[in-house]
Amino acid sequence: MAKSKLAQVPAEHLPVHIGLIMDGNGRWAAKRGLPRTAGHKKGAEVFGEIARHCRKIGIRYLTVYAFSTENWKRPADEVEALMKLLYQYLNDTFKHQDEDARICFLGDPTPLAPKIQQLMQRIQQESAANTAITVNVALNYGGRDEIVHAARRLAQQCVQGSLTPEQIDEPLFSDYLYTAGQPDPDLIVRPSGELRTSNFLPWQAAYAELVFMDVLWPDFSPAHLEEAILQYLTRTRRFGGI
Ligand code: IPE
Ligand code: IPE
Ligand code: MG
């Protein structure tokens with residue numbers, strides 16, 4: 001790509017945490033007369049390229065939406081193909097742990113196949129000490145599901161007597177989310193042309209800047225990412241102040 005316009009931007013102005021809704025794989029494939037799975041395959045490759053680019057330009061946290069709690073509604077053969085691709089992708093990732101990326105998974109892993117869960121655990125453990133970037137993969141993730149899980153765990157502690165309802169405040173609640181200990185996203189980017197967030201990080205993105213782009217995820221390039229960051233840099237963030 002052409003020389004980065006971001007090169008002149010001081011590192012402290014960059015978003016610390018970027019969220020990406022990787023959408024549009026099916027439409028990308030349909031436009032080419034290919035099966036939807038071909039779009040998912042290309043989409044997985046693009047994820048690797050974008051994650052490497054984020055690390056290169058100094059982004060500290062990247063969260064990508066890979067499979068939502070609502071995506072189980074899709075035809076069984078598409079879900080099966082997605083799971084197969086996911087397993088292959090995670091297996092390859094596991095073999096090439098040379099990116100210095102800490103990988104975390106956000107979501108409820110329990111409905112996933114045991115061999116996928118094992119790989120997820122191994123990748124998380126083996127990459128835990130990596131420091132260049134944290135890459136969160138939202139897998140069987142749903143924001144409402146995440147909040148319900150957190151509420152349930154807090155309620156259990158209250159019932160057991162180790163917590164009182166009065167002790168529950170925003171920082172404590174955040175500690176019970178899948179993103180515990182991580183900063184909230186500064187920028188959420190959704191390609192594909194859809195103008196919604198589809199249950200992605202509703203708690204954490206309360207003050208995120210949103211950028212919607214008219215490009216399908218498999219066509220998303222480092223230049224698109226930089227364009228989204230440049231848009232982010234033009235925004236005035238007030239967080240309710242003046
Ligand atoms: C995103 O692409 C991938 C997943 C949701 C798993 P889609 O499969 O939603 O692609 P479109 O939106 O139908 O084009
Ligand atoms: C959001 O995309 C989920 C992922 C990208 C994994 P969807 O394609 O599922 O979202 P909707 O159905 O268009 O809202
Ligand atoms: Mg979609």
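Counting convention: from 1, in listed order, for ligands and their atoms alike. Computation of the quantities below employed the complete heavy-atom set of this structure, encompassing side-chain atoms and omitting hydrogens, waters and symmetry-equivalent molecules. The first residue in the sequence is number 1, and the count goes up from there.
Counting heavy-atom neighbours within 6.0 Å of R144 CZ, excluding the residue itself, gives a total of 12 or less. The 12-atom threshold is not exceeded at CD of E80, counting heavy atoms of other residues, nucleotides or ligands nearer than 6.0 Å.
Within D23, the N, O or S atom at minimum distance from the Mg ion (ligand 3) carries the name OD1.
Taking the six-membered ring where the residue is Trp, Y141 and Y178 present perpendicular rings, their angle passing 60° and hence far from 30°. Under the 30°/60° scheme for interplanar angles, the aromatic rings of F67 and W72 are found to stand perpendicular.
Between W217 and S192, the side chains place no donor N or O within less than 3.5 Å of an acceptor N or O (distance only, hydrogens not considered). Side-chain atoms of Y232 and R237 include a donor-acceptor pair closer than 3.5 Å.
Protein residues having a heavy atom under 4.0 Å from any atom of ligand 2 are I21, M22, D23, Y65, A66, F67, N71, R74, R190, R196, S198, listed by chain and number.
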